[in-house]
Amino acid sequence: MKVLVANRGEIAVRVIRACRELALPTVAVFSEADREALHVLMADEAYLIGPSPAAESYLAIDRLIEVARKSGATAVHPGYGFLAENARFAEACVEAGLTFVGPPPAAIRAMGDKTAARRIARDLGVPMVPGMVEPVTSDAAAREVAREVGYPIMVKAALGGGGKGMRLVRREEDLEAALRMARGEAGSAFGDASVYLERAIDEPRHIEVQVLADVHGHVIHLGERECSIQRRHQKLLEESPSAFVDEPLRERLGDAACRVARAAGYVNAGTVEFLVDAEGNFYFLEMNTRLQVEHPVTELVTGIDLVHAQLAIARGEPLALSQADVRLRGAAIECRINAEDPFAGWLPSPGTITGLRPASGPGVRDDSGVYEGASVPRFYDTLIAKLIVWGPDREMAIARMRRALGEYRVAGVRTTIPVLERIVAHPDFKAGRLSTGFLDRLGPALTASADGPARPIAIIAAALSAYEQRRRVTPTSVSPDTPSAWRLATRPRWRGAP
Amino acid sequence: MKVLVANRGEIAVRVIRACRELALPTVAVFSEADREALHVLMADEAYLIGPSPAAESYLAIDRLIEVARKSGATAVHPGYGFLAENARFAEACVEAGLTFVGPPPAAIRAMGDKTAARRIARDLGVPMVPGMVEPVTSDAAAREVAREVGYPIMVKAALGGGGKGMRLVRREEDLEAALRMARGEAGSAFGDASVYLERAIDEPRHIEVQVLADVHGHVIHLGERECSIQRRHQKLLEESPSAFVDEPLRERLGDAACRVARAAGYVNAGTVEFLVDAEGNFYFLEMNTRLQVEHPVTELVTGIDLVHAQLAIARGEPLALSQADVRLRGAAIECRINAEDPFAGWLPSPGTITGLRPASGPGVRDDSGVYEGASVPRFYDTLIAKLIVWGPDREMAIARMRRALGEYRVAGVRTTIPVLERIVAHPDFKAGRLSTGFLDRLGPALTASADGPARPIAIIAAALSAYEQRRRVTPTSVSPDTPSAWRLATRPRWRGAP
Amino acid sequence: MKFVATVGATVERVDVTGGEGRYQVTIGDRVWEVDARLTLPGICSLLVDGVSWVADVTPEADALAVEVAGERYVIRIEEEIRYRIRTRGGMAAGAGGQTLTAPLPGKITHVAVRPGDAVLAGDTLVVIEAMKMENEFKASQPGTVREVRVTAGQAVNPGDVLVIVE
Amino acid sequence: MKFVATVGATVERVDVTGGEGRYQVTIGDRVWEVDARLTLPGICSLLVDGVSWVADVTPEADALAVEVAGERYVIRIEEEIRYRIRTRGGMAAGAGGQTLTAPLPGKITHVAVRPGDAVLAGDTLVVIEAMKMENEFKASQPGTVREVRVTAGQAVNPGDVLVIVE
């Protein structure tokens with residue numbers, strides 16, 4: 001099996017690593033912005049597939065199939081995002097004689113279309129959130145449904161996932177704008193602008209179940225992940241197991257997830273998402289027919305490598321384990337390190353990474369898509385790395401995450417690290433008092449400027465920075481060839497132009 | 001508890017990380033060469049303790065105790081090497097009212113003196129290698145004992161560990177030189193030049209057992225590590241579990257190790273080393289009364305953090321687990337990344353790390369003492385980082401180690417990475433056909449220049465490097481301010497002079 | 001060298017002497033002996049009375065953002081003479097109005113206003129798509145749209161003027 | 001630009017043209033189209049016919065050590081003109097003798113020979129301690145010790161002459 005990885009960034013690197021461990025040759029694809037991206041450096045082969053905008057490169061099905069043919073690839077791993085849940089892409093792969101490392105196109109359609117998935121869950125008697133089971137046909141029709149279901153409602157991309165193309169609407173007058181923006185994001189992220197409506201549950205927990213299904217009809221689950229820490233429906237931090245889920249609830253969630261997967265004829269790795277309320281009632285939300293961003297927390301507690309498992313399933317192998325073989329050990333947490341500036345309205349922060357010192361050491365895993373000197377292009381999402389930790393229990397995992405976030409240094413682009421540090425230090429987080437409203441509850445405290453014991457040190461650091469900069473540009477300063485303890489901020493560029 | 005870490009490099013960083021996870025403040029010490037070392041940046045406090053040579057800094061007991069007093073530290077973690085097995089240092093700590101994170105001085109004496117340890121093992125009926133049970137008093141006396149025991153013999157530092165101060169002697173005429181060199185290394189590494197003699201076993205496996213003992217008399221073991229891949233008695237690569245050890249042998253080794261520890265009144269983490277022959281007979285070698293360099297492989301298979309355990313034991317807590325709670329999961333391998341040039345006789349390669357891209361991703365742990373821009377001083381040992389991987393079985397751990405070594409990039413100093421790659425790719429290693437003679441068996445193949453399919457690519461890379469260097473210095477070349485895809489090899493120094 | 005540091009609403013006089021890693025920094029009346037090294041661009045190690053600090057210093061518009069020990073400060077550092085000139089002259093108080101400029105590169109996906117429109121604070125002016133997210137930019141105060149310099153579909157670069165509200 | 005690459009016992013003519021990341025490299029008769037970027041000092045990414053290579057290029061005494069795909073080559077690259085001058089002139093065959101220089105900084109812990117001593121190949125000349133290891137340096141050929149320039153306890157730097165054997 002020779003695997004074309006139809007993606008970029010950390011997930012392309014993740015898949016290439018798994019292939020290398022299984023001695024499978026890999027083919028990377030890259031846009032013009034990504035010639036020096038890490039996945040290009042790590043793959044065995046790499047081919048340019050088009051200009052920087054994703055629609056002309058990572059979403060260009062024809063170009064991907066052409067590269068697969070040219071390179072002799074026999075399988076395609078879609079990662080997440082881009083074309084991962086696009087049934088037409090899976091079909092194009094199958095038609096070209098390529099193994100698609102993911103579910104069959106029919107299962108992608110059945111589940112990837114969130115409205116169809118809701119019909120399946122309803123037929124199985126799995127509880128679900130009230131709302132539509134068909135996409136919105138017009139703004140007027142949407143208004144009508146929203147009145148029936150009742151506000152607040154969620155607008156969601158029918159082919160969505162990863163929080164993109166989602167909007168919360170509290171009042172009818174905001175509905176039209178929300179539809180427009182959700183359609184725009186959905187179109188650019190998934191190549192399909194369909195959206196649907198669903199009642200917004202009040203302060204739920206977001207808990208999802210990882211399932212694995214082989215072509216021989218075996219379906220198992222690998223426990224749950226809690227992903228309640230979200231901003232604008234984008235997950236920031238995920239963990240496994242959930243502090244809220246006890247063994248009986250885990251069994252009920254796992255059973256519901258496996259039933260949904262079976263009913264859809266599901267094969268490969270997938271995730272069944274639920275909302276869970278304070279009483280432990282759970283509601284089916286959707287099934288993601290792909291690897292999730294947050295899959296590493298499941299890997300760390302189960303010891304199962306999900307990408308290895310995906311590739312084995314794609315080769316037609318039966319699952320290596322039964323449900324009874326799945327044992328959870330300890331606790332894992334993932335933090336998403338995004339190139340965003342939380343202190344300036346969370347604006348994306350593309351640019352060149354001029355300095356990088358990732359966290360490492362005991363219990364720390366860094367799944368990164370960048371390196372020192374790499375650039376973060378403005379064309380793709382802001383995720384640059386995932387920091388994942390394992391500990392013998394949740395308390396130690398939290399302590400370790402604090403330690404690791406404190407070590408992680410990125411210069412050149414702004415990141416979410418400072419707010420992640422505040423989140424894991426928060427008493428509510430430590431106590432496991434989570435809901436999807438957690439971040440709003442924290443409010444401005446999350447990004448407030450501090451006034452603590454380090455204040456004079458901050459002034460000293462700023463003053464020394466200014467002092468050394470002026471000394472450098474002043475004729476009386478030391479010669480630039482003299483080794484100096486202090487050379488200022490921007491390192492000379494030694495890398496390529498775009 | 002406020003912990004002074006009486007060490008440098010990766011182990012100081014390792015201990016500081018553990019303390020941070022347990023919310024214990026840390027105090028680092030540094031020599032003049034180490035102002036910008038990673039352990040100084042990571043600790044809460046850091047104090048200069050003397051000039052660069054270890055004898056005047058990291059081995060200066062008075063200075064260490066003084067810094068502990070001045071900083072208000074209440075405990076001292078010695079790491080490994082330097083003063084870790086020096087009973088006088090442990091005593092000095094106790095006398096100064098400091099908790100020594102390690103065994104009581106009496107146990108260090110009983111076990112740290114390898115000859116005394118051999119007497120204990122003999123009295124317990126634990127099988128051991130024939131040889132002396134007292135240190136060498138003179139060259140003449142050594143000659144006599146060597147004749148009795150029979151050549152080949154090993155000269156070993158009485159207070160040794162980590163392979164330093166060890167020499168294999170095949171003929172009597174080499175004995176004197178070996179004694180001199182072993183004494184020299186022992187003196188500089190451990191502050192005590194005593195050595196003893198022991199019969200050299202033919203092609204044994206080096207297998208050691210990790211033990212934990214608390215102040216309440218509980219002793220457990222955490223399985224074995226195999227450390228047969230050695231060069232000049234320096235371990236290069238370690239793994240757990242050993243491919244050779246089955247469950248019954250593990251029990252017998254573990255039982256012997258716990259009995260030795262109990263007999264010595266041992267407390268804290270320690271390691272009992274054995275040589276094991278092809279028939280599975282094992283011989284007690286020595287007990288190391290400290291954390292081992294290779295402790296992470298045990299951590300990865302047991303899920304137990306040994307430094308956390310050391311600190312809990314030092315606080316007087318009972319062991320958190322019984323022997324039955326210790327479960328091994330999967331397999332782990334550690335590679336030592338040393339600043340040595342295996343292609344130039346393994347000479348040490350001090351210098352500045354001008355580029356660093358450590359391996360990361362699933363199942364990979366990087367315990368490093370350096371960062372990009374850091375210097376590797378010529379005064380201390382050559383270990384700059386430990387690369388540790390975990391896999392569900394040995395085969396996958398090996399595949400993952402190959403993948404990780406291939407990712408690991410260090411520029412500015414030479415490292416052992418290329419030979420580690422060849423070792424883990426070797427069929428004998430994969431098959432688990434190991435012995436301490438493994439590396440000699442490979443011989444020059446380990447460092448031979450290749451002549452493979454990448455030959456034209458190597459010529460292209462070399463030619464482009466020369467081409468771009470000449471273009472840069474030629475007046476007709478592009479202006480240095482023009483962004484160029486190729487800026488040459490040595491990045492401008494932006495860091496401090498020594 | 002004499003500086004003035006403005007941290008939020010407070011102002012501190014700062015004097016720095018020394019070099020090559022060893023400095024004396026005076027803040028107000030207090031003197032600090034500092035051993036400081038830049039170990040990565042923008043990231044420096046400070047030893048102050050034995051305490052080890054690692055500070056990230058990132059330039060912002062006219063200030064430095066400093067992160068240290070989990071605390072974050074935005075500090076404007078000026079040479080004393082420049083500070084005096086600036087504060088003596090008085091600030092040209094930006095008499096109302098909002099000139100919205102693009103803070104990042106991206107593509108305009110929606111323009112919500114036309115010249116002459118009346119807007120309230122919080123009304124959406126334009127939407128910029130960047131890194132797969134739609135980012136809404138809103139009026140900071142009520143007023144009238146004087147100019148709209150962009151259209152939907154257009155690419156913009158940081159600093160480009162998008163909309164002017166009076 | 002025309003070069004000659006010496007790899008072990010073989011010699012290849014190499015011609016390089018192009019720049020800014022896109023090059024044409026001719027080795028002997030074969031032409032390679034190469035997309036090359038330096039992504040870290042000394043570490044470059046090459047795309048050649050779609051295959052992705054990462055090569056580490058480290059300067060050695062008068063050559064470059066190149067590691068790529070787990071293979072290692074020591075390659076001497078010379079401009080063609082220099083190569084011609086060097087080989088036409090003929091090498092001044094280093095007629096016997098060994099000048100032992102320190103390859104790394106360290107401290108002499110033992111000097112095993114005196115001027116006038118006869119040595120055999122493999123005999124220890126001096127021992128240098130560096131990074132906690134004692135490193136023995138031996139005679140590469142039989143001969144007579146002409147000079148010993150160091151004594152035990154002395155610190156040495158790379159390039160310092162230690163012992164001369166004739």
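Labels below follow one simple rule: chain letters A, B, ... track the order of the sequence lines, proteins then strands, and each chain is numbered from 1. The figures that follow rest on heavy atoms only: side chains count, while hydrogens, waters and symmetry mates do not.
Using a 4.5 Å heavy-atom cutoff, the side chains of A:D44 and D:V51 are not in contact. Under the 4.5 Å side-chain criterion, counting only non-hydrogen atoms from C-beta, D:L47 is in contact with A:F30.
Within a 6.0 Å sphere centred on NZ of A:K2, other residues, nucleotides and ligands contribute more than 12 heavy atoms. Within 6.0 Å of CZ in D:R82 there are 12 or fewer heavy atoms belonging to other residues, nucleotides or ligands.
Among all heavy-atom pairs drawn from A:A43 and D:S52, the shortest one is O-CB, 3.3 Å.
The part of D:D49 that comes within reach of chain A is its backbone (N, CA, C, O), which places non-hydrogen atoms under 4.5 angstrom from that chain.
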(request) Please assess A:R35 against D:S45 for the test side chain to side chain contact (heavy atoms under 4.5 Å, CB included), listing each intermediate value before the final yes or no. (result) CA-CA 10 Å; A:R35 163 60 184 92; D:S45 158; 3.0 Å; yes

